[in-house]
Amino acid sequence: MIFGTPDHRTDNPVLCQVAADLTAAGIDTLYSPFVEKDTLLKFSHVSPMAACGQYYHVKAGAMQKPGEIRECFIRLVGEILELARAMGIELDDKPDAPLMQSHLKILDDLAESASTSMQRDMEAGKNSEVDGLIYQVVRLADKYGLACPEYRRVAQKVKAELAEK
């Protein structure tokens with residue numbers, strides 16, 4: 001769990017206690033002074049995986065193989081990096097391990113049967129995180145004047161599929 005405050009302080013006694021309690025409960029916790037960047041960093045992998053998986057109705061295994069599905073994942077990550085830069089947040093700041101390569105390694109290390117909770121919820125007909133993981137990217141692209149064609153394509157198809165249900 002990643003959390004923090006917009007003022008970038010990490011000395012709030014209540015939040016320090018929350019971090020300690022979560023850690024004691026066995027939950028990986030980051031009380032971050034850069035919560036926006038750290039949250040967006042995680043989002044930059046989860047959102048593209050969910051969007052690509054839902055668009056093609058596939059699990060991680062299909063994204064691990066060279067071809068159109070993997071290229072879609074790569075384009076989605078690229079659009080999140082572009083959005084982050086437009087928001088003034090530089091995510092790809094490690095020259096020895098570029099973020100795209102890191103995300104591809106994470107993807108490739110997953111079990112072939114891995115999927116996102118959004119995909120599983122949508123398959124089960126439950127409420128899902130589709131608004132935050134896909135549609136919000138399109139809204140932010142509009143706000144920052146970005147094209148983000150891959151996210152727009154995914155959002156359009158997912159909306160159409162949900163309308164049919």
Side-chain angles (χ1 to χ4, degrees), residues 1-55 59-61 63-64 73-146 148 150-151 154-155 158:
M1 174 182 279
I2 301 169
F3 65 97
T5 60
D7 64 7
H8 305 281
R9 296 183 59 170
T10 56
D11 59 353
N12 180 302
V14 172
L15 294 180
C16 287
Q17 186 61 52
V18 168
D21 292 347
L22 290 169
T23 300
I27 299 170
D28 289 333
T29 304
L30 175 61
Y31 179 15
S32 174
F34 306 105
V35 68
E36 298 93 343
K37 180 177 181 175
D38 290 333
T39 304
L40 193 53
L41 184 60
K42 182 174 181 179
F43 183 87
S44 71
H45 179 78
V46 173
S47 172
M49 185 174 169
C52 183
Q54 189 62 35
Y55 184 84
K59 298 185 187 302
M63 291 180 245
Q64 294 166 341
F73 174 81
I74 290 168
R75 288 188 300 268
L76 291 164
V77 171
E79 289 181 7
I80 294 294
L81 294 176
E82 180 184 12
L83 179 60
R85 280 189 292 278
M87 295 170 70
I89 300 171
E90 185 58 51
L91 294 180
D92 205 359
D93 61 355
K94 297 178 183 172
D96 58 332
L99 188 60
M100 185 68 73
Q101 299 303 2
S102 172
H103 284 343
L104 289 172
K105 180 170 179 5
I106 291 167
L107 177 64
D108 291 344
D109 288 346
L110 293 172
E112 287 185 10
S113 61
S115 65
T116 64
S117 60
M118 183 198 87
Q119 287 175 266
R120 292 188 299 274
D121 289 344
M122 290 182 79
E123 288 170 10
K126 298 179 181 178
N127 288 334
S128 73
E129 304 156 288
V130 68
D131 186 71
L133 291 176
I134 298 175
Y135 305 150
Q136 180 64 15
V137 175
V138 173
R139 288 191 296 267
L140 287 170
D142 288 342
K143 177 180 177 180
Y144 289 94
L146 301 174
C148 293
E150 200 72 13
Y151 267 97
V154 169
V158 171

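What you see below is based on every heavy atom in this structure, not just the backbone, and it leaves out hydrogens, waters and symmetry mates.
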For T116, is there any backbone N or O sitting under 3.5 Å from a side-chain donor or acceptor partner on Q119?
yes

Shortest non-hydrogen contact between S44 and V77, atoms and distance
O-CG2, 3.8 Å

Whether over 12 other heavy atoms sit under 6.0 Å from D109 CG
yes

How about OH on Y135, more than 12 heavy atoms from neighbouring residues, nucleotides or ligands closer than 6.0 Å, or not?
yes

Scan D11, N12, D7 and name whichever one has a side-chain hydrogen bond (donor to acceptor under 3.5 Å, both in side chains) with R9.
D11

With a 4.5 Å cut-off on side-chain heavy atoms, are Q136 and E129 touching?
no

Could you report the tightest heavy-atom contact between A60 and A111, atom names first, then the distance?
CB-O, 3.6 Å

If you round to the nearest 0.5 Å, how far is CG of L133 from CE of M49?
11.5 Å

Are any of the side-chain heavy atoms of E36 and I89 separated by less than 4.5 Å?
yes

Whether the side chain of T29 engages the backbone of I27 through a donor-acceptor N/O pair (distance < 3.5 Å, no angle test) should be reported.
yes

Under a 3.5 Å distance rule, please check whether S47 uses its side chain to pair with a backbone N or O of F43 as donor and acceptor.
no

Straight-line distance of T10 OG1 to Y31 OH, nearest 0.5 Å
6.0 Å

Smallest separation among heavy atoms of P33 and H8, with atom names:
O-ND1, 2.6 Å

Among L140, L83, L146, L76, side-chain contact (heavy atoms from CB on, under 4.5 Å) partner for Y151
L76

Is there a side chain to side chain contact (heavy atoms under 4.5 Å, CB included) between T5 and V35? Walk through the geometry before answering.
CA-CA 7 Å; T5 60; V35 68; over 6 Å; no

Under a 3.5 Å distance rule, please check whether K37 uses its side chain to pair with a backbone N or O of L91 as donor and acceptor.
no

Nearest-0.5 Å distance, CG of residue L104 to CG of residue L99:
9.5 Å

Minimal heavy-atom distance between V158 and M122, with the atoms involved, is CG1-CE, 3.7 Å

Got L110 and Q64 here, is their nearest side-chain heavy-atom distance under 4.5 Å?
yes

For the residue pair I106 and H103, establish whether any side-chain heavy-atom pair is separated by less than 4.5 Å.
yes

Any side-chain heavy atom of V154 sitting closer than 4.5 Å to one from R75?
no

For residues E79 and V137, determine if any side-chain heavy atom of one lies less than 4.5 Å from a side-chain heavy atom of the other.
no

CG of L22 to CG of L30, rounded to nearest 0.5 Å, is 11.5 Å

Rounded to the nearest 0.5 Å, how far apart are CE of M63 and OG of S115?
8.5 Å

With under 30° as parallel and over 60° as perpendicular, where do the rings of H45 and F73 fit, or are they tilted in between?
perpendicular

Look up atom CE in M1 and atom OG1 in T23, then write down how far apart they are to the nearest 0.5 Å.
10.5 Å

